[in-house]
There are 2 protein chains.
Amino acid sequence: MPPWEIPSDQLPPVAAVQKLLRALADPVRLEMVRRLAADPAGEAPCSDLYEGLNKSTATHHFKILVEAGAFRPVMVGPSRGHRLRRDALQEAAPGLLDALMGALDREN
Amino acid sequence: MPPWEIPSDQLPPVAAVQKLLRALADPVRLEMVRRLAADPAGEAPCSDLYEGLNKSTATHHFKILVEAGAFRPVMVGPSRGHRLRRDALQEAAPGLLDALMGALDREN
DNA sequence: CTCGAAGTACGACGCACATCATACTTCTCT
DNA sequence: AGAGAAGTATGATGTGCGTCGTACTTCGAG
């Protein structure tokens with residue numbers, strides 16, 4: 001969907017809370033977010049963010065996360081990948097990401 | 001579903017993050033939570049928490065919120081109602097509820 | 001005791017969406 | 001230039017779930 005490498009000034013805004021929640025409420029996508037959030041660089045190639053899934057299914061989930069404003073498509077090394085939009089998320093819903101990741105950790 | 005007035009010591013535990021998110025990711029249920037969170041007493045009769053919905057649909061949503069551990073069924077005055085389980089939610093996912101409600105407010 | 005109001009239970013229906021297979025694009029590397 | 005890896009697009013499929021209508025329960029008020 002993205003013409004690849006969306007310019008910073010025309011990234012989709014982080015979606016309304018309800019839509020954002022929908023994006024995060026899927027187990028596959030929540031795991032994708034968790035992995036990116038755990039990554040020190042905050043970015044990773046697509047294939048590092050899932051397992052045991054058809055590639056096209058993964059693309060589908062990425063699309064939803066990008067449209068929700070949580071991910072930003074980006075080149076990472078030679079491959080396509082995604083970066084977690086920590087700043088934008090923090091501005092739209094302060095503390096939400098931290099609370100979620102904290103809860104996921106504790107859950108282990 | 002509840003034998004009415006569940007004893008405190010056998011309330012369902014707050015669900016795993018992913019299930020909790022699913023419960024909150026529906027617009028109707030999110031609004032229910034918002035209203036209860038906005039209520040100073042933190043509780044309200046069922047009918048105060050929705051509008052323009054079939055009663056049985058509302059019951060369905062309440063059930064999901066109770067099973068997710070977000071609501072506790074309780075008598076409020078002469079009617080049945082629900083109380084927001086702030087404490088339990090805070091323990092399971094510290095800061096999550098606050099972050100959500102804050103984001104909803106800012107969304108005005 | 002009956003009536004009505006407030007919820008719940010149950011069944012049916014329709015749509016959204018998670019999934020997959022296949023085909024296509026677009027890189028990089030040799 | 002050709003091969004292969006990595007993602008994307010598209011179409012098909014099945015199911016989960018949000019919705020409703022109707023019938024049932026329960027409770028308070030008259």
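Chain identifiers are assigned alphabetically (A, B, ...) following the order of the sequence lines, protein sequences preceding nucleic acid strands; residue numbering begins at 1 within each chain. Both backbone and side-chain heavy atoms feed into the values below; hydrogens, waters and symmetry mates do not.
Shortest non-hydrogen contact noted between B/Pro94 and A/Arg106 is CG-NH2, 3.4 Å.
Rounding to the nearest 0.5 angstrom, the gap separating the CD1 atom in B/Ile64 from the CG atom in B/Leu24 is 11.0 Å. How far CE of B/Met101 is from CG of B/Leu97: 5.0 Å, rounded to the nearest 0.5 Å. B/Met75 contributes atom CE, which lies 11.0 Å from atom NE2 of B/His82 (distance to the nearest 0.5 angstrom). The NZ atom of B/Lys55 sits 10.5 Å away from atom SG of B/Cys46, with the distance rounded to the nearest 0.5 Å.
Looking only at distances, a side-chain donor or acceptor of B/Glu107 sits under 3.5 Å from a matching main-chain atom of A/Val17.
With axes fitted over five pairs at each extremity, the angle between the ends of the helix from C/dC1-D/dG30 to C/dT30-D/dA1 is 30° (10° resolution).
Less than 4.0 Å separates DNA chain C from at least one heavy atom of each of the following residues of residues 30-46 of chain B: B/Pro45, B/Cys46.
With a 4.5 Å cut-off on side-chain heavy atoms, B/Val33 and B/Leu100 do not count as touching.
Partners of A/Ala99 by side chain to side chain contact (heavy atoms under 4.5 Å, CB included), not counting sequence neighbours, listed by chain and number: B/Leu96. Applying the side chain to side chain contact (heavy atoms under 4.5 Å, CB included) rule to A/Ala44 yields the partners A/Leu36, A/Asp39, A/Asp48, A/Leu49; only residues at least two apart in sequence or on another chain are considered. Residues meeting the side chain to side chain contact (heavy atoms under 4.5 Å, CB included) test with A/Asp105, sequence neighbours left out: none. For A/Ser56, the side chain to side chain donor-acceptor pair (under 3.5 Å) criterion is met by A/Asn54, not counting sequence neighbours. Evaluation of the side chain to side chain contact (heavy atoms under 4.5 Å, CB included) rule for B/Ala88 yields B/Val14, B/Arg85 as partners, not counting sequence neighbours.
Legend: side chain to side chain donor-acceptor pair (under 3.5 Å) pairs involving residues 12-32 of chain A, not counting sequence neighbours, sorted by first then second residue: A/Arg29-A/His61, A/Glu31-A/Arg34, A/Glu31-A/Arg35. Listed by first and then second residue, the side chain to side chain donor-acceptor pair (under 3.5 Å) pairs involving residues 86-104 of chain B amount to none (not counting sequence neighbours).
As rounded to whole Å, 16 Å separates atom C1' of D/dA9 from atom CZ of A/Phe62. Distance, A/Lys55 NZ to D/dG11 C1': 17 Å, rounded to whole Å. The nearest whole Å value for the distance from the CG atom in A/Leu49 to the C1' atom in D/dT8 is 16 Å. Distance, B/Lys63 NZ to C/dG7 C1': 13 Å, rounded to whole Å. For B/Glu51 and D/dT19, the CD to P distance is 14 Å, given to the nearest whole Å.
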Could I get a table of every N or O pair under 3.5 Å where one atom is in the protein and the other is in nucleotides 1-4 of chain D?
none

Between the protein and nucleotides 25-30 of chain D, list every N/O to N/O distance that falls short of 3.5 Å.
none

* Structure fact -> Protein-proximity profile, nucleotides 14-22 of chain C, B/S/- by nucleotide at the 4.0 Å heavy-atom cutoff, equals ----SBBB-
* I would like to know whether B/Val28 and B/Met32 meet side chain to side chain contact (heavy atoms under 4.5 Å, CB included); could you show each step before the answer? => CA-CA 6 Å; B/Val28 171; B/Met32 286 171 163; 4.1 Å; yes
